[in-house]
Amino acid sequence: MKAMLLAAGRGERLRPLTDEVPKALIEAGGKPLIAWHLERLARAGFREAVINVSHLGSRIIERIGDGERFGLHVQYSRERERLETAGGIANALALLGRKPFLLVNADVYCECDFARLCSVELHRRLAHLVLIPNPPHRPAGDFSLAGDAVGDEAAPRYTYAGVAVVAPELLQPVTPGDKAPLAPLLYDAARRGLLSGELYQGLWQDVGTVERLAELEKYLREHR
């Protein structure tokens, strides 16, 4: 299975840090956020990864290179203009191939088991989502979870962790090169019963603000 890391975001809420450094290269615990993911992917047995880049993308390419030092072969999907999440994935499908792939938001810190996700069988479903208990900044959550079925019921609801196993067919409505968000595709698939998922209750942090970055830095300094 290949992996795709989403790293094209502007990181508006992390400005002025992201005026000079792409969000995926913001450091926590002494290394860039994206490096934590690449190391874990390699340890989990992944050998190929695709990274989409846009804002300050050349900095990411210079820093990560071909991925050899991480034990990976890394390719880049370049976006002249940021295509949003689903648009970015659709644009990278030529590199990802026709099989399901692991999708990871590069701007989160997460210690979930990538090796186990590699063995997830989607069958007729379009994606398998990793969900987490709702963090303070997202109290209403994103999806319901009953057994392994992800839906859009009223309760209980959980938050999408930015980690998923995705079938290329999920992106069928998106034309490569077009801008498109991922959330509407996931909600549509959830309503049609085409998503599975699991609840992860380990360490997870969305590094979307300076305050949350500081929280993660403090945790890693004390526990690593």
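This is a predicted model, so every value here is computed, not measured.
Side-chain contact between Leu213 and Thr209 is absent, with no heavy-atom pair separated by less than 4.5 Å. In this structure, the side chains of Arg63 and Ile60 stay at 4.5 Å or more apart for every pair of heavy atoms. Side-chain contact check for Met4 versus Ile51: every heavy-atom pair is 4.5 Å or farther apart. Looking only at side-chain heavy atoms (C-beta outward), Leu220 and Tyr109 come within less than 4.5 Å of each other. Here the side chains of Glu215 and Gln205 are in contact, with some heavy-atom distance below 4.5 Å. A 4.5 Å side-chain heavy-atom check between Val53 and Ile61 finds at least one atom pair inside the cut-off. Residues Leu199 and Leu145 meet the side-chain proximity criterion, which asks for heavy atoms closer than 4.5 Å. Using a 4.5 Å heavy-atom cutoff, the side chains of Leu203 and Tyr219 are in contact.
Between atom CG of residue Leu96 and atom CD1 of residue Ile89 there is a gap of 8.5 Å, rounded to the nearest 0.5 Å. Remark: His128 NE2 to Leu117 CG distance equals 6.0 Å, nearest 0.5 Å.
For Arg59 (side chain) and Glu20 (main-chain N/O), a donor-acceptor pair under 3.5 Å exists by modelled atom type. Counting only distance, with no hydrogens or angles, the side chain of Arg212 and the backbone of Asp206 share a donor-acceptor pair below 3.5 Å. A side-chain donor-acceptor contact under 3.5 Å links Trp204 to the backbone of Ala161. At least one donor-acceptor pair under 3.5 Å links the side chain of Asp113 to the backbone N or O of Ala115. Looking only at distances, no side-chain donor or acceptor of Lys179 sits under 3.5 Å from a matching main-chain atom of Thr85. Judged purely by atom type and a 3.5 angstrom limit, Asp152 has no side-chain atom pairing as donor or acceptor with the backbone of Ala190. In terms of modelled atom types and a separation under 3.5 Å, the side chain of Glu217 and the main chain of Gly29 share a donor-acceptor contact. His37 contributes a side-chain N or O that, together with a main-chain N or O of Val108, makes up a donor-acceptor pair within less than 3.5 Å. The main-chain N or O of Asn52 is never found under 3.5 Å from a side-chain atom of Ser77 such that the two would form a donor-acceptor pair. Remark: the backbone N or O of Arg157 is paired with a side-chain donor or acceptor of Asn134 at under 3.5 angstrom.
By the rule that hydrophobic residues join a cluster once side-chain heavy atoms approach within less than 4.5 Å of another member, Leu186 and Leu126 end up as members of one cluster.
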inquiry  = salt bridge (charged side-chain N to carboxylate O under 4.0 Å, His left out), that's the test. Do Glu198 and Arg116 meet it? Break it down for me.
reply    = CA-CA 12 Å; Glu198 62 187 74; Arg116 197 194 55 70; 2.2 Å; yes
task = Apply the test salt bridge (charged side-chain N to carboxylate O under 4.0 Å, His left out) to residues Glu68 and Arg47: give CA-CA distance (whole Å), side-chain angles for both, the deciding distance (0.1 Å), then the verdict.
result = CA-CA 10 Å; Glu68 183 179 2; Arg47 292 296 173 261; over 6 Å; no
request  = Verify side chain to side chain contact (heavy atoms under 4.5 Å, CB included) between Ile26 and Val21, making sure each step is shown before the conclusion.
outcome  = CA-CA 7 Å; Ile26 294 293; Val21 180; 4.1 Å; yes
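Taking a 6.0 Å sphere around NZ of Lys31, one finds it holds more than 12 heavy atoms contributed by other residues, nucleotides or ligands. Around the CD atom of Glu27, the shell of radius 6.0 Å holds more than 12 heavy atoms that belong to other residues, nucleotides or ligands.
Under 3.5 Å, the side chains of Glu79 and Asn91 contain no donor-acceptor pair of N or O atoms.
With sequence neighbours left out, the ring-ring contact (aromatic ring centres under 6.0 Å, His included) criterion links Phe143 to Tyr187.
Of all heavy-atom pairs spanning Ala35 and Phe70, the tightest one is CB-CE2, 4.0 Å. Annotation for Leu131 and Ser144: closest pair CD1-O, 4.4 Å, computed over non-hydrogen atoms.
Look at Arg125 and Asp148 and you find a salt bridge, because one of the NZ, NE, NH1 or NH2 atoms lies within 4.0 Å of a carboxylate O, short of that distance.
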